[in-house]
2 protein chains.
Amino acid sequence: MRKKAKAAGIPVKQKRLSPEDRRKEFIRKATEFFAEEGFNGGTRELARRLGVTQPLLYRYFPSKEDLIREVYRKVYLEPLDSDWEKRLSDRSRPLRDRLQYFYVTYTDAIFNRVWLRIYLFSGLKGLDINRWYVGTVRDKILTRIIKEWRFEAGLSVQSKPTAKELELAWVFHGGIFYYGVRKFIYESPVLEDKERMIADAIDTFLIGMTRALGKNSREVSRNLNRLETTADR
Amino acid sequence: MRKKAKAAGIPVKQKRLSPEDRRKEFIRKATEFFAEEGFNGGTRELARRLGVTQPLLYRYFPSKEDLIREVYRKVYLEPLDSDWEKRLSDRSRPLRDRLQYFYVTYTDAIFNRVWLRIYLFSGLKGLDINRWYVGTVRDKILTRIIKEWRFEAGLSVQSKPTAKELELAWVFHGGIFYYGVRKFIYESPVLEDKERMIADAIDTFLIGMTRALGKNSREVSRNLNRLETTADR
DNA sequence: TGCACTATTTATCGATCGATAAATGATTAT
DNA sequence: ATAATCATTTATCGATCGATAAATAGTGCA
């Protein structure tokens, strides 16, 4: 009943794959499966989509929970095994260009149905790896952006970002992130030119930073004009 | 074993509530329950938290799905049974003030663990009511904001918002929304002064609108100064 | 006070879940 | 060619799920 070929009396040749290949394929397809069905998706249905029987999964993973952990690892670490963040600090190029490059490539990596859904599912579960990721975004990306902005604005880059600086960066980052959520989770129409959206968000962000934080410092106000002028590409 | 008092031999006095009260309490607590556990939470655990037995739920709701539907209705419609959006069009007050008032009261309603989690859970399920809500935000809130901005910028308010205008508004809206997600879903520290965050986001948004859309129209550029000046409160 | 009504509980069903043990069959080494 | 190895399947267990039927007990009315 299960296998068409078998129901028809034609035996399905049993495939034997090397453990490494099997394991990788299991994780890959399990990622897609759990992204669609959520982590409550059944192991039988997953096995069916893999073209194998359910107990075989337990030959490769001690428990469903272990398989899911591998899915997390893959999803969370894959977009980060790049040096994008480091390129944020390459001061030979204008900050605006660096931001544009970073967000285009970063969103190329995470703006897809699978990544975003796994991310949101695990976020709702309150998993450590999710909290760790959010902390990484803050420390490795936003903090760096603020530092570079300070440098370009002629401010001290020594001290840690202020709460207000961080908040402005988060709202900026969240605004871009929400574009992906609208497109791939809510499947709502979005402005198709993603790079244009990012460019506008960056322009707005840079102006907003000098505005909101310029009140405290004459120094910033002086550099403000320069920044806003470069905005008119 | 289940009921402490019963295990101790002391009979628990059976409570009888009026059907209306019961029903309301069921929906209310079911909302909290499903917000925490997700919609895969079991009816037995839910009944336990309600202090009743599981089959009693089926006296009030034909199925678990029907109970969940009531939860959706309550969560999605509650924040909208106000005239906040209409006050966005009250041109006797400056647009900036109207935006501030709207987002402060709107986020007062939706920035809590229960609302945000139900919203995200149902969004991942791709439910009609979620898509409807996103459409409502676009048509009743963002479109109105754009219209009011156009009016204040001295532009025509007749035509529908352009894709680019909508996108800027979405990024703005999403940035604010993500503040709530960070605080109540990721339980990450945020700038505690929510009104300050909103004020900064509005400032940035208004400037960004005139910047990004001012290229096409001399008219906007002329009004731009006025808008940016009022930003210096 | 006793009876009718119904809110609530007890008991239970069939389906499905994650997981394990034993049987089978494809591959590899001798 | 045959035996050993191990990837894969078949069969099955106990727990838990949503849901239903029948028994029980609290409430209001005569």
Side-chain angles (χ1 to χ4, degrees), chain A residues 1-27 29-30 33-34 36-71 121 125, chain B residues 1-30 33-34 36-72 121 125:
Chain A
M1 235 125 37
R2 196 56 69 75
K3 291 189 181 173
K4 303 174 295 279
K6 211 177 187 180
I10 306 160
V12 176
K13 191 146 195 181
Q14 197 180 87
K15 268 192 214 168
R16 258 174 105 103
L17 286 187
S18 76
E20 313 91 77
D21 292 350
R22 237 338 160 216
R23 194 181 155 84
K24 277 180 191 166
E25 203 201 350
F26 278 6
I27 296 175
K29 289 229 176 177
F33 175 72
F34 289 125
E36 281 311 310
E37 310 294 325
F39 294 111
N40 291 100
T43 53
R44 281 173 180 80
E45 173 64 13
L46 168 58
R48 200 187 58 75
R49 297 198 195 182
L50 279 161
V52 300
T53 55
Q54 181 244 3
L56 188 59
L57 292 170
Y58 290 86
R59 180 94 180 179
Y60 292 87
F61 306 94
S63 71
K64 183 186 176 183
E65 213 29 56
D66 285 275
L67 169 56
I68 291 177
R69 219 184 326 270
E70 294 298 322
V71 169
F121 274 126
K125 285 217 274 184
Chain B
M1 239 123 36
R2 198 55 72 75
K3 290 188 180 175
K4 300 174 300 279
K6 209 177 191 181
I10 306 159
V12 177
K13 190 146 193 182
Q14 195 179 93
K15 266 191 213 168
R16 258 174 103 104
L17 287 186
S18 75
E20 313 92 76
D21 292 350
R22 240 333 162 215
R23 194 181 155 83
K24 278 179 191 165
E25 202 202 351
F26 278 5
I27 296 175
R28 199 177 56 78
K29 289 230 176 180
F33 175 71
F34 289 125
E36 282 310 310
E37 310 295 325
F39 294 111
N40 291 102
T43 52
R44 280 170 180 83
E45 174 63 16
L46 168 59
R48 200 188 58 76
R49 296 198 195 180
L50 280 161
V52 301
T53 55
Q54 181 245 5
L56 188 59
L57 292 171
Y58 290 86
R59 179 94 183 179
Y60 292 87
F61 306 95
S63 71
K64 182 186 176 183
E65 212 31 55
D66 285 274
L67 169 55
I68 291 178
R69 220 185 323 273
E70 294 298 322
V71 169
Y72 289 141
F121 274 126
K125 286 218 274 184

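Numbers restart at 1 for each chain; the letters A, B, ... are given by sequence-line order, proteins then strands.
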Contact list (N/O, under 3.5 angstrom) for nucleotides 18-21 of chain D vs protein:
{"residue": "D/dG18", "atom": "OP1", "partner": "B/Gly41", "partner atom": "O", "Å": "3.4"}
{"residue": "D/dG18", "atom": "OP1", "partner": "B/Lys64", "partner atom": "NZ", "Å": "2.5"}
{"residue": "D/dG18", "atom": "OP2", "partner": "B/Thr43", "partner atom": "N", "Å": "2.7"}
{"residue": "D/dG18", "atom": "OP2", "partner": "B/Thr43", "partner atom": "OG1", "Å": "2.8"}
{"residue": "D/dG18", "atom": "N7", "partner": "B/Arg44", "partner atom": "NH1", "Å": "2.9"}
{"residue": "D/dG18", "atom": "O6", "partner": "B/Arg44", "partner atom": "NH2", "Å": "2.7"}
{"residue": "D/dA19", "atom": "OP2", "partner": "B/Tyr58", "partner atom": "OH", "Å": "2.7"}
{"residue": "D/dA19", "atom": "OP2", "partner": "B/Lys64", "partner atom": "N", "Å": "2.8"}
{"residue": "D/dA19", "atom": "N7", "partner": "B/Gln54", "partner atom": "NE2", "Å": "2.9"}
{"residue": "D/dA19", "atom": "N6", "partner": "B/Arg44", "partner atom": "NH2", "Å": "3.4"}
{"residue": "D/dA19", "atom": "N6", "partner": "B/Gln54", "partner atom": "OE1", "Å": "2.9"}

Measure from CD on B/Glu37 to P on D/dT16 and round the result to the nearest Å.
15 Å
Between A/Arg59 and D/dT9, does any side-chain N or O lie under 4.0 Å from OP1 or OP2?
no
Which heavy atom in A/Ile27 sits nearest to a heavy atom in A/Glu70, and how many Å separate them?
CD1-CB, 3.8 Å
From CD1 of A/Ile68 over to P of C/dC17, roughly how many Å is that when rounded to an integer?
14 Å
Spacing between B/Leu56 atom CG and C/dA11 atom C1', to the nearest angstrom
16 Å
Here the distance between atom C1' of D/dT27 and atom CG of B/Asp21, to the nearest Å, is 15 Å
Would you call A/Phe61 and A/Phe26 a side-chain contact if the rule is heavy atoms closer than 4.5 Å?
yes
Sidechain N-carboxylate O distance under 4.0 Å for A/Lys24, A/Asp21
no
Answer yes or no: is there an ion pair linking A/Arg49 with A/Glu36, defined by an N-O contact shorter than 4.0 Å?
no
Write down the distance between CG (A/Leu57) and P (D/dT9), rounded to a whole number of angstrom.
10 Å
Salt bridge present between B/Arg23 and B/Glu20 (N-O < 4.0 angstrom):
no
What is the distance from CD of B/Glu20 to C1' of C/dT6, rounded to the nearest Å?
13 Å
Quick check on the 6.0 Å ring-centre criterion: do B/Tyr72 and B/Phe39 meet it?
yes
